[in-house]
Amino acid sequence: MPGVTRLSVRNIRKSFGTHEVLRGISLDAQDGDVISLLGASGSGKSTFLRCINLLETATDGDIFVDGEQIRMVHKNGRSHPASQKQVDHIRSELGMVFQSFNLWSHMTILENIIEGPMHVLKRPKAECIAEAEALLEKVGIAGKRDAYPAHLSGGQQQRVAIARALAMKPKVMLFDEPTSALDPELVGEVLRVMRALAEEGMTMLVVTHEMSFARNVSNRVVFMKEGLVESSGAPEDMFGSGASPAFRQFIGNFGNGQ
Amino acid sequence: MPGVTRLSVRNIRKSFGTHEVLRGISLDAQDGDVISLLGASGSGKSTFLRCINLLETATDGDIFVDGEQIRMVHKNGRSHPASQKQVDHIRSELGMVFQSFNLWSHMTILENIIEGPMHVLKRPKAECIAEAEALLEKVGIAGKRDAYPAHLSGGQQQRVAIARALAMKPKVMLFDEPTSALDPELVGEVLRVMRALAEEGMTMLVVTHEMSFARNVSNRVVFMKEGLVESSGAPEDMFGSGASPAFRQFIGNFGNGQ
Amino acid sequence: KDWTSATITLEGAYAPWNMTNADGTLGGFEPELAKVLCERAKIECTLVASDWDGMIPALNAGKFDVIMDALSITEERKQIIDFTIPYAATPAAFATAKDSPLANAAGTGAIVKMTPGQTGVSEIDALKEAFKGKTIGIQAATVYAKFIYDNFGSIAEIREYKTGADRDLDLQNGRIDLGFDDAVYFNNAFASANDTLAFTGPEIVGPIWGAGEGLGVRKADPELRDKLSEAIKSALADGTVKELSMKWFKVDVSPQE
Amino acid sequence: MATLELLGFGSTGWGALLLVATLMTLAVTATALAIGAVFGAIVASAKLSGNLILVTLGNIYTTVFRGVPELLIIYLIYFGGSSAITSIGNWMGYEGFLGLPSFASGALAVGIISGAYQAEVYRGAYLAIAKGELEAASAIGMSRAMRVRRIIMPQVLRFAIPGLGNVWQLSLKDSALISVTGLAELMRTSQVAAGSTRQYFLFFIVGGLLYLILTSLSDRIFNRAERRANRSMPASAMGQA
Amino acid sequence: MDFAFLFSSMATLLAAVPTTLILFSLSVLCGGLLGLLIVTMRVSGNPVLRNFAKGYIFVFRGSPLMIQMFLVFYGLGQFGFIRYSFLWPFLREPMVCAILSLALCTAGYSAEIFRSGIRAVSPKEIEAGRAIGMSGFLLVRRIIAPIAFRHALPAYSTEIVLMMKSTALASLVTVWEVTGVAQRLISQTYRTMEVFLCAAVIYLVLNFIILQAMALLEYSLSRHRRPAPSAA
Ligand SMILES: Nc1ncnc2c1ncn2[C@@H]1O[C@H](COP(=O)(O)OP(=O)(O)OP(=O)(O)O)[C@@H](O)[C@H]1O
Ligand SMILES: Nc1ncnc2c1ncn2[C@@H]1O[C@H](COP(=O)(O)OP(=O)(O)OP(=O)(O)O)[C@@H](O)[C@H]1O
Ligand SMILES: [Mg+2]
Ligand SMILES: [Mg+2]
């Protein structure tokens with residue numbers, strides 16, 4: 001369904017104490033969009049993702065997931081989500097993949113994946129297992145279904161984390177630097193899975209330092225600076241002549257760093 | 001005193017159980033030599049260093065430090081140093097710097113450095129402190145003398161470890177991958193200190209993966225393979241046309257990995 | 001062995017036989033009597049408090065030389081330690097709450113004399129009828145415990161307490177219906193229970209409680225035993241025991257035969 | 001009698017006795033902890049020695065003294081200790097009886113129990129020392145004895161402080177069981193006061209409160225010691241004490 | 001050694017083992033549940049509940065069990081309103097009171113042990129739970145509790161061994177378990193060493209069984225911490 005707005009964020013602000021980390025950010029993701037979020041360390045990328053799925057509560061602004069607005073109330077001068085139920089529901093529609101995988105250490109790989117469908121979505125176990133096995137196949141680690149996370153390499157763990165998020169059949173996938181905790185040789189495995197997802201038309205919002213991903217896989221690049229969107233556009237423009245000086249400097253540094 | 005043999009190792013062998021890790025290695029270090037020990041993981045580099053200062057007991061072979069032979073006895077089919085006293089004495093003449101620093105966590109930086117001179121060499125405290133401060137100055141962290149190791153960065157800790165070894169006024173310094181536990185940006189600090197030491201004429205034996213150090217600082221490169229010296233020579237030869245095919249392949253891999 | 005000094009132990013928490021004063025000194029019937037006895041036996045005595053539970057083993061282990069803690073002279077104990085002649089012989093009786101249906105059971109106020117192992121005593125049989133199905137509290141490992149088990153074990157529930165004082169609290173709480181113990185001990189306990197408790201049934205006296213209460217000494221120390229026995233004999237003869245007994249118990253507990 | 005008067009320090013008040021008893025509890029617990037430190041260090045070294053016989057003996061010690069009720073151990077030592085000493089005395093030609101005083105046997109009993117717990121604390125602390133730091137000590141030529149004195153002991157003590165705090169609290173409460181030996185510590189004095197005045201609840205509640213005071217005071221001291229010992233730890237570890 | 005006496009003492013003491021086991025198992029069960037309640041209060045955001053839990057833990061860990069048991073058994077009955085309430089038929093029973101005071105005491109310790117288990121749960125794993133839409137009891141049941149329980153297990157085994165030993169105090173309130181029976185046997189026979197040695201053996205065996213069972217449980221719950229099976 002191209003053209004459907006999966007995620008819409010309006011003028012989000014977030015302060016920690018007196019420090020304003022997000023200073024009014026808006027962003028729309030249509031169905032099938034793959035958006036890369038770039039920016040220097042501390043520019044607020046993680047905070048932005050965490051506000052979207054309500055792991056942090058934005059100080060101000062509106063968030064719509066698949067057309068449904070997240071209701072907020074103001075109490076004691078702070079905002080809170082109005083209903084924990086809605087929060088849980090919204091989160092189940094947003095798949096989140098963390099930098100450090102965060103698999104549940106006491107569950108096998110299969111258990112990690114069926115946990116959400118079975119206990120949050122309350123779907124029948126046999127169905128969940130069948131789907132989980134298909135997902136494991138898809139991310140290329142079907143053989144590990146009964147292993148525990150501690151027995152997997154970082155790249156394998158991250159692929160399980162992606163499968164775990166996909167098992168919830170999310171409307172949008174959020175990735176927070178999914179490869180930066182990995183050794184260089186393992187990065188490729190994860191990027192391959194993400195590229196395949198993008199090609200299937202999954203709507204994705206990806207915080208990354210992998211310029212090749214931003215350039216070749218995403219259809220939009222958003223550059224954040226000091227809590228604001230400094231510039232954004234199609235990758236051809238951003239990495240071509242249309243780049244702002246700040247973004248040019250940012251990717252310039254990057255080239256040297258690698 | 002160039003020309004004086006500081007360290008001489010003759011035909012060292014070492015087995016762990018049935019696995020022979022060192023299969024007869026000999027090596028001489030004249031005063032002022034800086035020898036880089038290269039080799040793939042598992043080739044026995046660390047074991048070799050550890051045999052030299054008797055943290056492991058070689059199965060066979062002779063070791064001379066500054067002309068003094070380490071006396072061994074054979075008992076129950078294994079060799080042991082004949083005299084623990086001699087071992088302690090020899091060790092105090094060999095400075096060892098470990099990959100993981102191994103500073104004593106319950107002592108301040110200054111205490112770490114004066115520990116050996118005061119308690120092993122039994123020298124007066126005031127003198128030890130004065131020298132320790134000079135050493136801290138030399139490795140560039142005079143400001144940290146009363147901090148504890150846990151409060152320092154890895155690069156700073158490794159420099160303290162070097163100062164600690166130097167405080168014993170060793171005849172030879174042994175380094176076992178002194179920079180490989182460090183973040184890339186901290187490696188430089190430590191290499192700078194080592195280069196300065198080499199320029200002052202310290203005799204050094206360095207296990208390293210830093211090709212630039214091997215190439216530019218050391219005056220001899222020893223390449224180990226499967227418990228034997230595969231080839232050795234001046235860096236110009238080894239990194240130039242004189243390289244053996246095995247060494248060429250080793251540094252070739254390396255270039256790609258970095 | 002020539003005894004010029006000895007250590008006497010008592011519990012220090014069994015008023016009025018012996019108790020501890022707020023200043024830490026020991027007081028009561030036995031400490032005062034001990035002073036008299038030691039003077040007469042020309043022994044320099046030290047009193048130390050210790051726990052009832054371990055007293056006899058501790059005596060034999062040599063921690064002290066004499067036990068003076070309302071210790072009844074019984075055949076079982078005589079196997080392990082030696083006794084002086086008794087300095088007291090007290091009756092035993094049941095106690096219950098004043099407002100209990102068991103108050104004033106048959107024979108209250110009477111005195112029954114019994115010998116060890118005696119059965120078919122009519123007063124006791126009457127009590128058995130009255131106490132059927134009730135709960136009787138006793139202090140564990142005393143002569144009174146044995147008596148209750150022998151005579152009431154089949155008709156009543158018996159509950160054993162580590163100390164008499166615990167039992168008295170439960171008598172007040174109503175967890176148990178009756179208590180059985182040394183009558184002079186009870187007399188004192190009633191006062192501190194605000195007179196909510198009272199005797200019921202007859203007082204039981206006689207050789208069933210052994211020869212009375214005596215001083216316990218190790219079997220290896222007959223000289224000490226004899227010296228103390230002499231002293232008790234003289235204190236009984238000149239009425240000193242009776243005088244102290246009236247002071248502390250309001251009745252005369254000196255052995256009658 | 002008024003409650004205040006009973007607890008006061010006058011001639012009819014138990015205040016002074018209770019205070020002395022509290023100090024006695026402290027003294028006997030501290031002695032026990034010291035005795036336990038010796039036993040604990042020996043047993044921990046045995047368990048770490050790698051020698052099969054010593055390891056087994058160490059395991060038996062810790063299993064038995066942690067697995068048998070404290071009361072039983074106190075009795076066994078109170079009586080058994082005296083008979084043992086007496087027979088040793090007789091054997092050496094001393095006539096008559098030799099007793100272990102209540103304080104000594106109580107402290108010994110609680111100390112032996114405490115030793116079993118302390119052994120585990122020390123063993124854990126030893127295992128927490130980074131092996132590299134020991135190698136570094138060997139590498140500068142420290143002898144074995146010096147390594148123990150300069151590197152191992154200070155670190156074992158540092159890692160052991162939180163565990164020792166727990167052992168102290170355990171021993172403090174075990175010391176209440178020494179009352180069966182007649183030692184006038186806090187528990188026994190509360191019992192005697194209760195029995196002599198027949199104010200059971202008053203004295204047991206006051207006794208309990210005094211234990212609570214001891215507990216919170218010693219908690220505070222151990223926390224301070226831990227903070228001091230942790231000066232050398234990374235800042236992030238300090239919050240989690 | 002007088003084996004006949006040892007055997008007869010052992011027989012007498014073994015007859016009291018069921019009492020000890022009932023005391024132990026019921027107080028561990030009730031104490032564990034109460035401990036869960038207390039730790040829930042302790043980690044809750046509500047300051048009143050939190051401070052109540054803190055106070056509870058302080059009192060029950062900080063004072064000797066002997067005093068707690070005395071006050072529960074002899075103290076509660078002093079209050080008329082308890083004696084005439086519906087609770088009295090229960091509290092009248094020594095066994096109930098003994099279990100109650102053992103459970104109250106272990107609940108304080110258990111709560112602290114559970115709390116350290118909870119603190120050991122990685123916040124990131126909790127966050128991952130939230131991110132798929134878990135909250136409240138579901139999050140506790142599926143993620144926090146299983147991980148925390150596994151962390152708390154070693155300390156908890158130590159605690160239940162301490163509980164087994166604590167049952168030795170129940171004879172204070174007329175529940176004659178193994179130690180009490182041993183003491184009574186000694187006041188009748190005056191043979192301290194033999195009787196106590198028999199009792200010590202009984203406790204050692206019981207505690208050995210408990211520890212083995214806990215170790216087995218720990219092993220079966222730690223598959224995720226062991227090295228992967230070599231086949232994988
Ligand atoms: N919980 C928090 N409390 C206080 N400040 C915070 C918190 N989380 C983040 N910040 C601050 O917010 C700013 C933005 O952090 P954020 O993690 O969003 O940056 P980022 O763009 O993801 O950086 P990086 O590339 O390093 O992950 C930083 O200055 C950080 O210190
Ligand atoms: N204590 C030991 N017991 C058994 N085997 C050992 C021991 N120490 C080292 N080895 C084995 O000896 C071989 C050589 O190890 P060593 O650490 O010397 O290699 P290395 O050249 O230093 O490698 P790296 O570059 O990875 O540090 C390895 O196969 C290793 O597994
Ligand atoms: Mg980030
Ligand atoms: Mg190595």
Side-chain angles (χ1 to χ4, degrees), chain C residues 1-3 6-7 9-28 31 47-65 67 69 162-170 172-173 185 188-194 218 220-221 224, chain D residues 1 5-21 71 74-87 89-90 94-102 105 177-184 187-201 203-204:
Chain C
K1 192 169 166 188
D2 193 18
W3 289 91
T7 318
T9 192
L10 28 72
E11 200 186 349
Y14 193 60
W17 291 88
N18 57 71
M19 59 216 211
T20 309
N21 300 318
D23 59 3
T25 55
L26 294 162
L47 295 187
V48 293
S50 70
D51 203 70
W52 165 255
D53 270 342
M55 242 172 221
I56 290 177
L59 175 78
N60 278 336
K63 286 195 185 291
F64 18 74
D65 308 305
I67 297 177
D69 197 41
K162 290 201 138 177
T163 69
D166 291 348
R167 187 261 329 280
D168 300 346
L169 286 173
D170 258 2
Q172 284 173 265
N173 284 344
Y185 162 82
N188 189 275
F190 292 168
S192 51
N194 300 322
R218 277 181 298 272
D221 299 332
L224 181 61
Chain D
M1 220 185 299
E5 198 180 328
L6 269 178
L7 296 176
F9 284 80
S11 59
T12 51
W14 289 78
L17 274 191
L18 285 171
L19 185 67
V20 171
L71 198 59
I74 289 167
Y75 266 115
L76 285 171
I77 287 170
Y78 180 56
F79 298 120
S82 292
S83 338
I85 292 196
T86 302
S87 51
N90 289 351
Y94 179 87
E95 281 292 306
F97 295 93
L98 284 169
L100 265 183
S102 306
S105 48
L177 303 173
I178 304 180
S179 56
V180 300
T181 69
L183 180 70
M187 186 73 206
R188 160 102 189 150
T189 303
S190 308
Q191 285 171 333
V192 166
S196 300
T197 61
R198 299 195 172 254
Q199 296 283 337
Y200 296 95
F201 303 108
F203 282 101
F204 280 112

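To find a chain, count down the sequence lines: A is the first, B the second, and so on, and within it residues start at 1. Heavy-atom basis, side chains included; hydrogens, waters and symmetry copies ignored.
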Check your understanding: Relative to chain D, which segment of Asp166(C) carries a heavy atom at a distance below 4.5 Å: side chain, backbone, both, or neither?
Key -> neither
Review point. How many angstroms lie between atom CG of Leu26(C) and atom CG of Asn21(C), to the nearest 0.5 angstrom?
Key: 7.5 Å
Exercise for review: Quick one: pull up CH2 in Trp3(C) and CG in Asp221(C) and give me the separation to the nearest 0.5 Å.
Suggested key: 4.0 Å
Exercise for review: Could you check whether the rings of Tyr14(C) and Tyr185(C) sit parallel, tilted or perpendicular, using 30° and 60° as the cut-offs?
Suggested key: parallel
Practice item. Pick whichever of Ala13(C), Pro16(C), Gly27(C), Gly28(C) has the most heavy-atom pairs under 4.5 Å with chain D. Key: Ala13(C)
Review point. Atom OG1 of Thr189(D) and atom CG of Leu183(D): how far apart are they, to the nearest 0.5 Å?
Key: 8.0 Å
Exercise for review: Could you tell me which portion of Tyr78(D) (side chain, backbone, both or neither) has an atom closer than 4.5 angstrom to a non-hydrogen atom of chain C?
Suggested key: both
**Study point:** Interchain contact, Ser102(D) with chain C, by part (heavy-atom threshold 4.5 Å)
**Key:** neither
